[in-house]
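Have a look at the structure below, then the notes.
Values in this document were obtained by computation on a predicted structure and should not be read as measured data. Values reported hereafter were calculated over all heavy atoms of this structure, with side chains retained and with hydrogens, waters and symmetry mates removed. Note that the numbering runs from 1 along the sequence shown for the chain.
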Amino acid sequence: QVQLVESGGGLVQPGGSLRLSCAASASILRDSVMDWYRQAPGKQREWVAAIRLGGSTNYAGPVWGRFTVSRDNAKNTVYLQMNNLKPEDTAVYYCYARYFNSWGQGTQVTVSS
């Protein structure tokens with residue numbers, strides 16, 4: 001079973017940046033679309049971004065132009081660079097290996113002054 005471990009969350013002021021990492025336990029990045037999701041308190045988990053096998057990316061409307069997803073196959077790691085953060089970005093962020101149906105444990109991102 002694939003294990004995913006997110007890191008890089010924290011408290012940041014509005015307009016700031018964070019980079020999240022998702023480390024996989026195996027060399028799965030070449031075999032699976034990788035997604036980022038987030039879940040704010042009292043809300044359903046929502047899809048944020050995806051990076052496909054060929055490297056193409058997709059983003060949800062609210063983060064388009066501010067977030068960038070990338071991956072390093074050699075390190076078995078996917079990244080989510082988040083810029084110009086807003087209070088509404090506050091959530092627990094999860095990575096997901098779509099073809100393995102595996103979730104990480106999540107990392108908290110809080111945007112507040």
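Tracing side-chain contacts under 4.5 Å through hydrophobic residues (I, L, V, M, F, W, Y), one never reaches Trp36 starting from Val92; they form parts of separate clusters. Note on Tyr59: it clusters hydrophobically with Leu18, by side-chain heavy-atom contacts below 4.5 Å among ILVMFWY residues. Side-chain heavy atoms closer than 4.5 Å link hydrophobic residues (I, L, V, M, F, W, Y) into clusters, and following such links, possibly through other members, connects Val69 to Val63.
Between Leu85 and Arg66, the closest heavy-atom pair is CA-NH1, 3.9 Å. Residues Gln108 and Thr110 come closest through the heavy atom pair NE2-OG1, 3.3 Å.
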Determine, stepwise, if the pair Met82 / Val109 fulfils side-chain contact (heavy atoms from CB on, under 4.5 Å).
-> CA-CA 10 Å; Met82 306 185 295; Val109 171; 3.8 Å; yes

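Aromatic ring pairs are classed by plane angle as parallel below 30°, tilted from 30° to 60° and perpendicular above 60°; the pair Phe67 and Tyr93 is tilted.
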Donor-acceptor contacts, no H, no angles, side chain residues 74-81, under 3.5 Å, sequence neighbours left out:
unit_1 : atom_1 : unit_2 : atom_2 : d
Thr77  : OG1    : Lys75  : O      : 2.8
Gln81  : NE2    : Asn83  : OD1    : 2.9

Report all side-chain donor-acceptor pairs from residues 2-14 shorter than 3.5 Å, counting only partners two or more places apart or in another chain.
unit_1 : atom_1 : unit_2 : atom_2 : d
Glu6   : OE1    : Gln105 : N      : 3.0
Glu6   : OE1    : Gly106 : N      : 2.9
Glu6   : OE2    : Cys95  : N      : 2.8
Glu6   : OE2    : Gly106 : N      : 3.4

Compile the donor-acceptor pairs under 3.5 Å between side chains in residues 47-54 and protein atoms, sequence neighbours left out, one pair per line.
unit_1 : atom_1 : unit_2 : atom_2 : d
Trp47  : NE1    : Asp35  : OD1    : 3.0
Trp47  : NE1    : Ala49  : O      : 3.2
Arg52  : NE     : Asn58  : OD1    : 3.0
Arg52  : NH2    : Asn58  : OD1    : 3.4

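Residue Met34 holds its CE atom at 8.5 Å from OG of Ser102, rounded to the nearest 0.5 Å. Rounded to the nearest 0.5 Å, atoms OH (Tyr94) and OG1 (Thr107) are 10.0 Å apart.
In this structure, Glu88 places its CD atom where more than 12 heavy-atom neighbours from other residues, nucleotides or ligands lie under 6.0 Å away.
At a threshold of 4.5 Å between non-hydrogen side-chain atoms, the residues Trp103 and Arg45 count as touching.
Side chain of Thr90 to backbone of Val111: a donor-acceptor contact under 3.5 angstrom is found.
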